Amino acid sequence: MSIYDRFGIRTIINAKGPSTRLSGGFLDADVAAAMTEAATHCVDMAELHAGASKVIAEVTGAEAGLVTSGAAAGLLMGTAACITGLDPGKMARLPDTRNMKNEVIMVRSQRNFYDHAVRATGARLIEVGLPDRYAGAGVRDAEAWEISEAVTERTAAVFYVAGGGSQPALSEVANAAHAAGVPVLVDAAGQLPPASNLKRFLAEGADLVAFSGGKAIGGPQGSGILAGKRDLIMAAVLQHLDLDIYWEQFAPPKEYIDKDRLRGLPPHGIGRTCKVGKETVIGLLVALRKFTAETEENRSRRFRALIQKLEMALAGVDHARVNVTAGTVPKLELHLVKESPRTALELCIELERGNPAVYADPSRVRSGIVSFSPWCLREEDIEKIAARVKPLLRY
Ligand SMILES: *Cc1c(COP(=O)(O)O)cnc(C)c1O
């Protein structure tokens, strides 16, 4: 009986991969044990964050870092840091950004649901570039000169969403932004693995980068990382910490928060709502160490073995062709044939509603494809998935 049964909640087989809607992935035993142990002590949160910063700096090559309650929280606090700098008055006033640098430049084709986290600071997005995909040729997206042109005295940051096809290249965007004295904040939530990407975006010129801790890193579901320039991280952490404390009492590690550079302590900032518990910080650090310790070859071999087992278990499935994709994280795809008793979306929905519930990846159902990711699968899930899929594709 699982802990969820006790509360009348079913568990599911997550074949979509670590997504927030499906509760992320699951923790390795040593990450879970670390969180349990961390929960049995108390620490000073400023000291905890300073210690975590050292680990994040080592792993990312950044000057400093902050464990956040997710990549989205990192985007919110990173944006806030770019707007306020180390000014406690501005920190106190957010999300009222009057008389502050409150514009964030973003390539239009990179707009997505998560940019709400940037806007939540009170910043206004300034979109540049026209991703022409409808007028025949449609080859252009945004170009670096368009970012330069959009910079004004009100520009707080350039926001960049890293991804396979992101245009223009980050290094070009960083050059344009830095020439105008503007920092670049990168959303790299979903850009792991490879683990080398932990360093890559900062090396390409990002001033701040946000990663999700609950996705590939394998940390607690509600965790993330914000890493980057020391001053910006200091501005972010000051807007995150609970600062209901006398000025004289406040004694954070100087290399993390340099009190001498502050003219006063802000009240609770906009990031106070993105609270991170000590268990989460420690869980993230242990997961991060584990994630970076595993070679990409090993990761890939582990995932490929699972997918090959699923492929074998699905042998002889009706009305679908089975395809295994290439790459570090291979996926198994079912390409449904025209005569299939169900559409791809119907198959996904039936799988979710049955017992055991199987959540596949529906992102390509419009092309008749249902995908299965190995990220959050255990060996014992494989036969269960096949046993659910096969009857649903039979008349
Ligand atoms: C998942 C994701 C986020 C949010 O990450 P959380 O850790 O869930 O907050 C932000 N941006 C992108 C591109 C993502 O894929």
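All ligand and atom numbering here is 1-based and tracks the order in the structure. Just so we're clear, the structure is a prediction, and the values are computed from it rather than from any experiment.
- If you check which protein heavy atom lies closest to atom 5 (O) of ligand 1, you get Ala71 CB, 3.3 Å.
- Nearest protein heavy-atom neighbour of atom 10 (C) of ligand 1: Tyr114 CG, 3.2 Å.
- Closest to atom 7 (O) of ligand 1, if we only count protein heavy atoms, is Ser212 OG, 2.6 Å.
- Salt bridge status for Arg263 with Asp87: present, with a side-chain N to carboxylate O gap under 4.0 Å.
- At the shortest separation from atom 2 (C) of ligand 1 among protein heavy atoms lies Lys215 NZ, 2.4 Å.
- Distance from atom 8 (O) of ligand 1 to its nearest protein heavy atom, with residue and atom name: Thr20 OG1, 3.2 Å.
- Between His240 and His49, the angle of the ring planes goes over 60°, which puts this pair in the perpendicular group of the 30/60° scheme.
- Remark: Lys278 NZ is packed, more than 12 non-hydrogen atoms of other residues, nucleotides or ligands lying under 6.0 Å away.
- Classification of Glu296 and Arg299 as a salt-bridged pair holds, one side-chain N sitting under 4.0 Å from a carboxylate O.
- In this structure, atom 9 (O) of ligand 1 lies nearest to the protein heavy atom Ala72 N, 2.9 Å.
- The closest side-chain heavy-atom distance from Glu149 to Val151 is not below 4.5 Å.
- Under the 4.0 Å criterion applied to side-chain N and carboxylate O atoms, Lys229 and Asp231 are not assigned as salt-bridge partners.
- Counting the atoms of ligand 1 from 1 in the order shown, those under 4.0 Å from a heavy atom of Gly70 are 7 (O), 9 (O).
- Looking at atom 11 (N) of ligand 1, its nearest protein heavy atom turns out to be Asp187 OD2, 2.6 Å.
- Contacts with ligand 1 closer than 4.0 Å are made by side-chain heavy atoms of Ala189 only, the backbone lying farther away.
- A 6.0 Å sphere centred on CD of Glu294 holds more than 12 heavy atoms belonging to other residues, nucleotides or ligands.
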